[in-house]
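Shown next, in structure tokens, is the structure this report addresses.
Throughout, numbering of the chain's residues begins at 1 and tracks the sequence.
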Amino acid sequence: MLKNVGTPLTKEQQKSINGGYKAVVCRTRQDCVNAFPHTGPWDFSCVRRGLYSYCVPN
């Protein structure tokens, strides 16, 4: 366990530690920017999955 100290976490590992992201339905990238105000404009994308589009981290 201690051999991994200091190595950066992957996005998936960080997401699991932070409790994940809330599922935000979107139509455009701007919807994602509005839903996550403390992130940058290119941190999330609006991606179609099934019937709806959701904000997913880049």
Contact summary for P41 and R29, nearest pair of heavy atoms = O-CD, 3.2 Å

Do N34 side-chain atoms and D31 backbone N/O form a donor-acceptor pair below 3.5 Å?
-> no

In the single-linkage hydrophobic clustering (I, L, V, M, F, W, Y; side-chain heavy atoms under 4.5 Å), do V24 and F44 co-cluster?
-> yes

When you measure from the side chain of R48 to the backbone N and O of L51, does any donor-acceptor pair fall under 3.5 Å?
-> yes

So do C55 and C32 have their SG atoms closer than 2.5 Å?
-> yes

Chi angles and distances behind the side chain to side chain contact (heavy atoms under 4.5 Å, CB included) call for R27, S53 = CA-CA 7 Å; R27 286 182 280 154; S53 296; over 6 Å; no

